[in-house]
Amino acid sequence: MDHSPRDSQSNEMTYPEGMSMTEAQPATVSAHTWPPLTIGQAKRVLEWWSSSAAFRERVMADPERAGHEYKLGFNPDLIRPLWDDGYHKDPANEGRPTHPVVEAYRAFFRKKTQWREQVKKECAPDEPRFKAWRARQIARNAMENGHYDQSIIHAPFAIELNDGCSVGCWFCGVGATKFVETWRYSEENAALWRAVLKVLNTKIGAAARWGFCYWATDPLDNPDYEHFAGDFADITGMYPQTTTAQGHKDPERVRKLLAVSEARGCLVNRFSVLTEPLLRQIHAEYTPDELTRVEIVAQMRDATVPKANAGAFRTLAKTRGKVLSMEQRKLTQLAGAARAAADAGQEPTEVSIPQPGTIACVSGFLMNMVKRSIKLISPCRASEKWPLGYIVFAERTFTDAADLERSIEEMMATHMPLELKPEDPIRINPGFRLEPAPNGFRVMSPMTGVEFMRPDKAEFIGSIGQLVGSGDRTAGQIALSTLFQYGVPEESTLGTLGAMFELGLLVDAQGRIAGALPGEAR
């Protein structure tokens, strides 16, 4: 994802408490007197920049005209350092005074990024097995998706309150199906809902507050969403973050939702915007300051952030190569912007050329209240086996809260061991390749790799790689083999295998790492 000061709207971003629009914008700098601008106004310019090629062309050629045509209310040349990649490359701009909102916005964006990292840490469950399992999934996903994983918070759970989605985004990365049914807030359902949340809160701990109530659904398809969200806040202590593609449909409902959300602790919500006309409609309905804490996720054709090659997009791209090449061109442009920033002496923006492989953001439980289903999932790079960009380790249905609690405990017992055992079969994750290295071996993915090496015992470490690569030994058998061949204590070999286990590099018979089910052929 692009982590430059543009509001590129990466997944699951949150804002720190106490951040306001007014506290970071002084009226004057040196001898300059500037027209007053808010962070929300600056953000609106960047929303257009991230959404529209026509706007990018217009604002580069004639910023003042762009300000009029796009109803910005000011000349965006005042904040040119935020959107013009070439600004810092021009020696004439060195030391030139800039509007104070430029630095205010940058500070605002930095705080968003810092807060996202804090939330990612706070998503770690209190339950020791779950906490260790989630850490392994994060390590594995970082191998598969490189620094794209930095924008994934690995939330502990997501709950769908509908069956299907009415929006029908052609690119949906998690493969939403057509809308079928919604789960209403009846007396019976409300009682079950509160009981379910109490189970999750008990099993997960404080991290439960970072769960949310949508997935391959739009939360506003459910007319009772706010009632469910209110119960969520009562039980977990946090109003759930909302992402909707229907921010334009019922502004009064949305305004009330945003106000209650902020009052009850959630300081970020997100509008997914599919077309430029819809963005114009949203901008006409809401003031810039109303949307300062609302992420605009630009999904239109000309949006600068590339779509993930997962779900519905992946299916379409198989028959329409033009769709894929268009998104890959965006990656090339982002890489160019990153190099330009580095050349200008700014903090580099890391961009990997491979396309993002997932939009999934949960390492934990995915539930659907209409179907009363629960899955144990974690993000992965989309593949033929996992086309939606997440692994499904286990799937069950439940009848009531007690049944749900039993299912969660059984999933934890099966898939979340605290450590590797000698009797566990050892196989490399099929998405990685294991190869010899000069002083040991390395495990590589298309995005990154990790090397195991020890110059003074190169043959010993190399043999571990060979035995793991064979895929037909248990941890204990590998340790015994190296003991006989090299005289190295079994504990040392098991330690190396344990390190591979913690990094998410292995698959075992219980599917603890890469989603293989017990007894499944590989």
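This chain uses plain numbering: 1 for the first residue, then up along the sequence.
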- Message: Could you walk me through whether R209 and E122 satisfy the salt bridge (charged side-chain N to carboxylate O under 4.0 Å, His left out) test, starting with their C-alpha distance in whole Å, then the side-chain angles of each, then the deciding distance to 0.1 Å, before giving a yes or no?
- Response: CA-CA 9 Å; R209 71 185 189 274; E122 292 180 1; 2.7 Å; yes
- Would you say the side chains of E451 and N439 form a donor-acceptor pair under 3.5 Å? no
- Which atoms form the tightest heavy-atom contact between A207 and P156, and what is the distance? O-CG, 3.3 Å
- Message: Surrounding NZ of K318 (heavy atoms of other residues, nucleotides or ligands, distance under 6.0 Å), is the total greater than 12?
- Response: yes
Please list every donor-acceptor pair under 3.5 Å in which a side-chain atom of residues 196-206 meets a protein atom from a residue at least two apart or in another chain.
from, atom 1, to, atom 2, distance (Å)
N201, ND2, I235, O, 3.3
T202, OG1, K198, O, 2.8
K203, NZ, E409, OE1, 2.8

- Is it true that a side-chain atom of R134 and a backbone atom of H154 form a donor plus acceptor pair closer than 3.5 Å? yes
- Spell out, as yes or no, whether a donor-acceptor pair under 3.5 Å connects the side chain of K178 to the backbone of G168. no
- Could you go through the side-chain contact (heavy atoms from CB on, under 4.5 Å) check for H227 and W193 one step at a time? CA-CA 10 Å; H227 293 300; W193 173 245; over 6 Å; no
- Message: Do M369 and L161 make a side-chain contact, defined as non-hydrogen atoms from C-beta onward lying under 4.5 Å apart?
- Response: yes
- Would you find a donor on one side and an acceptor on the other, under 3.5 Å apart, between the side chain of S50 and the backbone of E47? no
Without placing hydrogens or testing angles, list every side-chain donor-acceptor pair under 3.5 Å for residues 305-316, not counting sequence neighbours.
from, atom 1, to, atom 2, distance (Å)
K307, NZ, Q299, O, 3.1
R314, NH2, E384, OE2, 3.1
T315, OG1, G311, O, 3.3

- Query: How are the rings of F232 and F157 set relative to one another: parallel (under 30°), tilted (30 to 60°) or perpendicular (over 60°)?
  - Reply: tilted
- Do D126 and K131 have side chains that get closer than 4.5 Å, going by heavy atoms? no
- Output for pair (K43 NZ, F108 CZ), nearest 0.5 Å, gives 7.0 Å
- R140 and Q137: side chain donor to acceptor below 3.5 Å: yes
- Message: So K249 and T244, do their side chains get closer than 4.5 Å, heavy atoms only?
- Response: no
- CG-CD distance between L434 and Q466, expressed to the nearest 0.5 angstrom: 9.5 Å
- Query: Aromatic rings F130 and W133: how do their planes relate, parallel, tilted or perpendicular, breaks at 30° and 60°?
  - Reply: tilted
- Hey, does the side chain of D403 reach the backbone of T399 with a donor-acceptor pair shorter than 3.5 angstrom? yes
- Query: Hey, is CZ on R301 packed in by over 12 heavy atoms from elsewhere, all under 6.0 Å?
  - Reply: no
- Task: Take V443 and M500, measure what side-chain contact (heavy atoms from CB on, under 4.5 Å) needs, and give me the verdict at the end.
- Result: CA-CA 9 Å; V443 180; M500 297 182 72; 4.2 Å; yes
- Query: Do K112 and F109 come close enough that some side-chain heavy atom pair is under 4.5 Å?
  - Reply: yes
- Item | Residues N222 and T182: side-chain donor-acceptor under 3.5 angstrom | yes
- Report yes or no: does N189 contribute a side-chain atom to a donor-acceptor pair with the main-chain N or O of S186 at less than 3.5 Å? no
- Message: Go through it in stages, so that I can follow the logic: the residues are S481 and I478, the test is side-chain contact (heavy atoms from CB on, under 4.5 Å), and I'd like the CA-CA distance, side-chain angles, deciding distance and then a yes or no.
- Response: CA-CA 5 Å; S481 176; I478 292 174; 5.7 Å; no
- Task: Applying side-chain hydrogen bond (donor to acceptor under 3.5 Å, both in side chains), run through D221 and Q246 and close with a yes or a no.
- Result: CA-CA 9 Å; D221 275 341; Q246 302 183 57; 2.9 Å; yes
- Message: Please report the interatomic distance CE(M143) to CZ(R381), rounded to the nearest 0.5 Å.
- Response: 12.5 Å
- Query: Does a side-chain N-to-carboxylate-O contact under 4.0 Å join R264 and D234?
  - Reply: yes
- Task: Calculate, to the nearest 0.5 Å, the distance between atoms CD and OG belonging to E160 and S373 respectively.
- Result: 7.0 Å
- Donor-acceptor pair, side chain of N162 and main chain of G164, under 3.5 angstrom: no
- Are any of the side-chain heavy atoms of T482 and L467 separated by less than 4.5 Å? yes
- Task: Verify side-chain contact (heavy atoms from CB on, under 4.5 Å) between F271 and V254, making sure each step is shown before the conclusion.
- Result: CA-CA 10 Å; F271 291 173; V254 171; 3.6 Å; yes
- Item | Beyond-backbone contact of L494 with L420, side-chain heavy atoms, under 4.5 angstrom | no
- Query: Can you tell me if S272 uses its side chain to pair, donor with acceptor, with the backbone of A245 under 3.5 Å?
  - Reply: no
- Item | S166 to F179 - nearest heavy-atom pair and separation | N-CB, 3.7 Å
- Item | Heavy-atom pair with the smallest gap, counting every atom of A499 and F452 | CB-CE2, 4.3 Å
- Task: Check whether any side-chain heavy atom of F441 lies under 4.5 Å from a side-chain heavy atom of V468, and answer yes or no.
- Result: no
- Task: Mind checking the CD1-CG spacing from I428 to L506? Nearest 0.5 Å is all I need.
- Result: 5.5 Å
- Message: Any donor-acceptor pair under 3.5 Å linking the side-chain atoms of N145 with those of D149?
- Response: no
- Task: Indicate yes or no: at least one non-hydrogen side-chain atom of C169 is less than 4.5 angstrom from one of L274.
- Result: yes
- Message: For a quick test of reading the model, state the closest non-hydrogen atom pair linking R442 to P436 and the distance between them.
- Response: NH1-O, 3.5 Å
- Item | Contact summary for A360 and P379, nearest pair of heavy atoms | O-CG, 3.5 Å
- Query: At what distance, to the nearest 0.5 angstrom, does CE of M447 lie from CZ of F432?
  - Reply: 11.5 Å
- Are Y214 and Q241 linked by a side-chain donor-acceptor pair shorter than 3.5 Å? yes
- Note on the structure: Residues H415 and L376: closest non-hydrogen pair is CB-CD2, 3.8 Å
